[in-house]
Amino acid sequence: MDWLTDIPGWFADPANWRGDTGVPALFVQHLGYSAAALGLACLVGLPVGVWLGHTGRGGVLAQQVSNAGRAVPVLALLGILLLVPGFGRTWWTLVLCLTLFAIPPVLTNAYTGLREVDRGAVDAARGMGMSGGEVLRRVELPLATPLIMNGVRQSAVQVVATVSIAALFAFGGLGRIITRATGSAGIDLTAALAGTLLIAAFALVVEYGLAAVGRRADPVARARRSAERRSSTPRPPRSGQGREASVTTS
Amino acid sequence: MLTSGAVAVGVDAVHAATIPENCLVRNDWVCPLYVETRSSVLLEALGQHLYLVLVSLAVGAALAVPLAVLAHRVRRARGLTLGVTTVLYTIPSLAMFILLLPFVGLSATTVVIALALYSLTILVRNILVGLDGVDPEVRDAATGMGLSPWRTLWRVEAPLALPSAMAGLRVAAVSTVALATVGAIIGYGGLGNLITSGYQANFNAQVLTASVLCVVLAVAFDLLLLGAQRLATPWRRS
């Protein structure tokens, strides 16, 4: 059980915190890859998913994208990209690969979010004379926010996990702590477990952090909270109100 | 210049004389000769991959069904189950394999346990969605007909939750086929072993063949389970 008692020692050792291979440097690399890929995936996936959901076209495409994203192993795509001449082991190769895997959750959730907006609410907005763009901006997007944020969160957690796998191909990031502890000479369990704890903690912070951001960003929940603050009298549940509204307008 | 050119031509000539010209030598991506000559290696990796996926799916499903039923019936079990599975699903696969190492050691079992935990998470949620989606009036009708809670579960709720459960099983199977490759970190990654060793050796045919086999395996699982779902729920075919 030496490996267990040695873990605090690993974290206390200043050698593990210094230089290009120290925890701070690897964490910054990990964060850089993840943020770049997530940003690019949102840039591509959100507009496409929102547009497909708004127009109601390409449902099959949105579904297939997420199926393909699940079926292709990270190891396979990255391994192939690295061997293709012109790519090689560069920052952009990994970010491109990560982005390809990060797009499906963002796109599919945005599509589903837009499609699941109450048709009654959309009809009501059109009846009030809103243009297609206005309906999208003022009705569909606010109501689809929870699912859109869900997709971004799924994507972010997946990207963080995928960056650690990239360490199998000698990329940087926190996964490096694990891969350099596992070699032909055997496994340095203490270092591998220390790296594992760092990666798991990072992923959990991203998951719960973005879940909290998603709850704050939901305009419907926010409006409900401020309404509750304004009036101390108990209100009927919102879902009932929504249904009534849609019945009267349709 | 002239001499070095002559030497280069000489070396080329020697190579041409001793090494046969084929797709392995050219390091082509698509190489039937690779599949022919390494079929035993490929089959062994494919066999390990299938073993990892099938055992972990079976273990995951065997644990997911009682957990989902418990979470459906007992309010306090629901929050706990959902919370624990969220945490499990969030832990990256590379980290999960290493976390299990001290307890299970360097073996295929480590990979199976990790993959089973991931598929369990997907399955529990989908079964729970299916059970929650059963119309309360249908449940009341079953009770009114004198069915015991267990018979209601087996005869009424289970068939109605089956489509959602099968959808979960398809997602779990496809993701497990892909995730199993990461087991290469501890030497038990099925086709993933061939991908990492092929990359290290700069062996294009091996990387591409193993990758394509992975995707084909995932699609095959998906289609097989889709067929099974159609057979198991004949009332949904119109």
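Note: hydrogens, waters and symmetry copies are ignored here, and every other heavy atom, side chains too, is used. Labels below follow one simple rule: chain letters A, B, ... track the order of the sequence lines, proteins then strands, and each chain is numbered from 1.
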Grab the two heavy atoms, one from [X] and one from [Y], that are nearest each other, plus how far apart they are.
X        : Y        : result
B:Thr181 : A:Pro73  : OG1-CB, 3.8 Å
B:Leu94  : A:Gly175 : CD2-CA, 4.1 Å
A:Leu75  : B:Ala184 : CD2-CB, 4.4 Å
B:Ser175 : A:Arg70  : OG-CD, 3.5 Å
A:Ile199 : B:Ala95  : CG2-CB, 4.2 Å

Below 4.5 Å, heavy-atom pairs only: which of [options] has the largest tally toward chain A?
options                               : answer
B:Ile185, B:Leu106, B:Asn27, B:Val212 : B:Ile185
B:Val207, B:Ile91, B:Leu191, B:Leu217 : B:Val207
B:Thr196, B:Val177, B:Asn204          : B:Asn204
B:Cys214, B:Gly187, B:Ser211          : B:Ser211

Measure distances from [X] to the heavy atoms of chain B and classify the residue's part below 4.5 Å as side chain, backbone, both or neither.
X        : result
A:Leu193 : both
A:Ile187 : side chain
A:Phe169 : both
A:Val74  : neither
A:Leu189 : side chain

A:Arg216 CZ: over 12 foreign heavy atoms closer than 6.0 Å: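 Counting neighbours around CZ of A:Arg216, 12 or fewer heavy atoms of other residues, nucleotides or ligands fall under 6.0 Å, so no.
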Exceeds 12 heavy-atom contacts within 6.0 angstrom, atom CG of A:Asp20: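 No, not enclosed.
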Euclidean distance, B:Phe97 CZ relative to A:Ile178 CD1, rounded to 0.5 Å: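 Output value for this atom pair is 11.0 Å.
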Rounded distance [0.5 Å steps], CD in A:Gln158 versus OG1 in B:Thr90: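 Between A:Gln158 CD and B:Thr90 OG1, I get 12.0 Å after rounding to 0.5 Å.
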So [Y] and [X], do their side chains get closer than 4.5 Å, heavy atoms only?
X        : Y        : result
A:Asn67  : B:Val174 : no
A:Val157 : B:Pro92  : no
A:Leu83  : B:Trp29  : yes
B:Ile186 : A:Thr182 : no
A:Tyr208 : B:Thr86  : yes

Check each atom of [X] against the heavy atoms of chain A and say whether the ones under 4.5 Å are side chain, backbone, both or neither.
X        : result
B:Val219 : neither
B:Leu179 : neither
B:Ala218 : side chain

Within residues 148-162 of chain A or reaching into it, pairs that qualify as salt bridge (Lys or Arg N to Asp or Glu O under 4.0 Å) - sequence neighbours excluded: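 Those involving residues 148-162 of chain A are A:Arg153-A:Glu207.
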